[in-house]
Chemist: 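The structure follows.
Since we're looking at a predicted model, the values are computed, not measured.
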Amino acid sequence: MESEKRERKYVFVCGLPRSGTSVLGRNIGRLEECSDFKNTGVIEDEGQYLQDVYPVAYEFGGAGRFGFDPRTHRTESSSLLTPENVARLHACWHAHWDNTKTIFVEKTPGNLLMTRFLQAAFPKAYFVVIRRHPVPVGMAAQKWKVNVTSLYNMFDHWLHCHELFDQDRKYLKHVYQLKYEDYVEDSARYHREIAAFIGTRVPEPPKEDKIRIVAQWRKPSGLRVPESVMESTSGAHNQKYFDRWRDLLENSVFRYYYRYIARKYERRFAKYGYSLVSGLGLNETALRGGPVSNAIGASCCVGADVAAFSWRALVRSKEQLRLKSKAILPEFMVNLIRQALGRDSKRAEEAPARG
């Protein structure tokens with residue numbers, strides 16, 4: 001038994017929310033001898049929700065904000081790394097892995113700030129770190145209204161988290177890094193490289209396959225994904241956000257705000273091979289600012305933070321009211337309310353088609 005445990009490897013998929021960690025993690029889980037979390041019922045089958053050793057990212061502000069809390073940056077010196085907690089973490093996750101396999105895959109975006117902690121808890125740890133352009137990462141994460149954050153803070157958060165990882169990188173034994181943009185262009189190549197990195201192979205595609213459901217925040221019915229066949233990828237998901245970003249820079253009534261944050265963060269993102277202005281077909285000279293436009297932009301940053309805070313407070317107060325009402329009202333009344341809301345929602349979706 002002990003010899004089997006020494007042969008086990010643990011692969012942790014890391015990257016900010018909306019960076020492609022989910023599809024990448026599932027595809028790694030389809031490699032030979034790999035086991036990932038399936039049919040757990042928790043959001044995206046993420047390991048953070050299948051353990052009770054450390055708090056989840058939502059408790060520290062969620063996407064776009066959790067990295068600013070120093071408690072989310074966990075290293076080998078964390079007070080949580082007791083023998084009891086390490087054993088507990090292993091037990092929690094192995095209860096959901098296929099223990100006949102030898103390579104165990106866990107995906108949680110917050111892993112990006114926990115690599116040294118995880119390496120201490122799982123000595124044979126391998127880290128696959130995916131990075132995506134800050135524009136789609138920031139804009140996509142803003143769809144989660146309960147954690148909504150201003151775009152300039154999203155950019156700040158992106159840089160802060162990746163800079164922390166850069167500091168941690170030198171302490172790690174096994175790391176493989178890739179860009180989302182490269183992955184979607186040639187995922188097969190990266191599957192082969194990652195398989196070699198962790199000591200396995202890409203399997204032959206099966207003649208027949210099944211479908212499984214992955215729970216998601218914004219899709220109650222869940223996401224249908226293949227059981228064994230590798231999921232396809234596309235750069236189209238990025239392009240829609242770049243088109244929107246270009247429109248904001250050119251036509252938005254708040255364009256001075258967006259141009260200001262483009263100027264503010266351009267050089268820092270350039271270190272990671274990304275640009276907020278190049279390649280968009282923009283008149284880049286029009287983005288140059290002066291004292292007045294910079295002052296307007298900085299003021300808009302404050303306003304954006306206030307608006308985001310107000311929205312978060314409103315959404316969370318509605319959620320608390322919903323939970324309290326559910327606890328107080330009889331179940332049949334709760335069901336009647338759900339049905340009424342469902343009918344109203346359906347009418348709203350059908351209204352544009354009728355018009």
Chemist: Under the 3.5 angstrom rule, does the side chain of Gln51 hit a backbone N or O of Val53 as a donor-acceptor pair?
Modeler: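 Side chain of Gln51 to backbone of Val53, a donor-acceptor pair under 3.5 Å: yes, one is there.
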Chemist: Are Asp168 and Arg74 ion-paired here, with the side-chain N under 4.0 Å from a carboxylate O?
Modeler: no
Chemist: Under 4.5 Å between side-chain heavy atoms, counting indirect links through other Ile/Leu/Val/Met/Phe/Trp/Tyr residues: same cluster for Ile28 and Leu118 or not?
Modeler: no
Chemist: Taking atom CD1 of Ile213 and atom CZ of Arg224, what is their separation to the nearest 0.5 Å?
Modeler: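 Answer rounded to 0.5 Å: 5.0 Å.
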Chemist: Does some side-chain heavy atom of Leu112 sit less than 4.5 Å from a side-chain heavy atom of Phe12?
Modeler: no
Chemist: Considering all heavy atoms of both residues, which atom of Glu76 and which atom of Ala120 are nearest to each other, and what is their separation?
Modeler: CB-CB, 4.0 Å
Chemist: Measuring from Phe165:CZ to Leu113:CG, what's the distance to the nearest 0.5 Å?
Modeler: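 If we round to the nearest 0.5 Å, Phe165:CZ and Leu113:CG are 10.0 Å apart.
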Chemist: Compare every heavy atom of Ile130 with every heavy atom of Lys179, then report the nearest pair and how far apart it is.
Modeler: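 Looking at all heavy atoms of both residues, the shortest contact is C-CG1, 4.3 Å.
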Chemist: With side chains defined as the heavy atoms from C-beta onward, is the minimum distance between Met114 and Thr72 less than 4.5 Å?
Modeler: no
Chemist: Out of Glu231, Glu46, Glu227, which one pairs with Arg26 under the salt bridge (Lys or Arg N to Asp or Glu O under 4.0 Å) rule?
Modeler: Glu231
Chemist: Kindly say whether the aromatic ring centers of Tyr180 and His133 come within a distance under 6.0 Å.
Modeler: no
Chemist: Can you find a side-chain donor-acceptor pair between Ser77 and Thr75 that sits under 3.5 Å?
Modeler: yes
Chemist: Would you please classify the geometry between the Trp97 ring and the Phe37 ring as parallel, tilted or perpendicular, with 30° and 60° separating the classes?
Modeler: parallel
Chemist: For a quick check under 3.5 Å, do Asn27 and Tyr183 share a side-chain donor-acceptor pair by atom type?
Modeler: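 Checked: Asn27/Tyr183 side chains pair up, N/O donor to acceptor below 3.5 Å.
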Chemist: Which atom names give the shortest non-hydrogen contact between Ala57 and Gln48, and what distance separates them?
Modeler: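 What the structure gives for the nearest pair is N-OE1, 3.1 Å.
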Chemist: Can the ring centres of Phe117 and His73 be said to be less than 6.0 Å apart?
Modeler: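 Ring-ring flag for Phe117/His73: false, centres at least 6.0 Å apart.
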Chemist: Below 6.0 angstrom between ring centroids: does that apply to Phe68 and Phe60?
Modeler: no
Chemist: Quick one: do Asp52 and Arg88 make a salt bridge, cutoff under 4.0 Å?
Modeler: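 Judged by the 4.0 Å cut-off on N to carboxylate O distance, Asp52 and Arg88 do form a salt bridge.
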Chemist: Is the distance between the ring centroids of Trp93 and Tyr10 under 6.0 Å?
Modeler: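 Judged by ring-centre distance (under 6.0 Å), Tyr10 and Trp93 do not meet the cut-off.
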Chemist: Going by an N to O cut-off under 4.0 Å, is there a salt bridge joining Arg131 and Glu181?
Modeler: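 Between Glu181 and Arg131 there is no salt bridge, as every charged N stays at least 4.0 Å from the carboxylate O atoms.
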Chemist: Is there side-chain contact between Glu266 and Ser275, with at least one heavy-atom pair below 4.5 Å?
Modeler: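 Answer yes - side chains close enough.
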Chemist: Do Thr21 and Leu16 have side-chain heavy atoms sitting under 4.5 Å apart?
Modeler: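 They are not in contact (no side-chain heavy atoms under 4.5 Å apart), so the answer is no.
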Chemist: Spell out, yes or no, whether Leu50 and Phe66 are grouped together once hydrophobic residues are joined by side-chain heavy atoms under 4.5 Å, including indirect joins.
Modeler: yes
Chemist: Can you tell me how far CD of Glu44 sits from CG of Leu223, rounded to the nearest 0.5 angstrom?
Modeler: 7.0 Å
Chemist: For Glu33 and Thr102, does a side-chain donor sit closer than 3.5 Å to a side-chain acceptor?
Modeler: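 Side-chain D/A pair, Glu33 to Thr102: present.
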Chemist: Report yes if the distance between the aromatic ring centroids of Phe127 and Tyr176 is under 6.0 Å, otherwise no.
Modeler: no
Chemist: Any heavy-atom pair between the side chains of Arg132 and Asn238 that's under 4.5 Å?
Modeler: yes
Chemist: Taking C-beta and beyond as the side chain, do Tyr274 and Tyr265 meet within less than 4.5 Å on heavy atoms?
Modeler: no
Chemist: Check for a donor-acceptor pair, side chain of Gln119 on one end and backbone N or O of Tyr126 on the other, with a separation under 3.5 Å.
Modeler: no
Chemist: Between CZ of Arg189 and CD of Glu185, what distance do you get to the nearest 0.5 Å?
Modeler: 11.5 Å
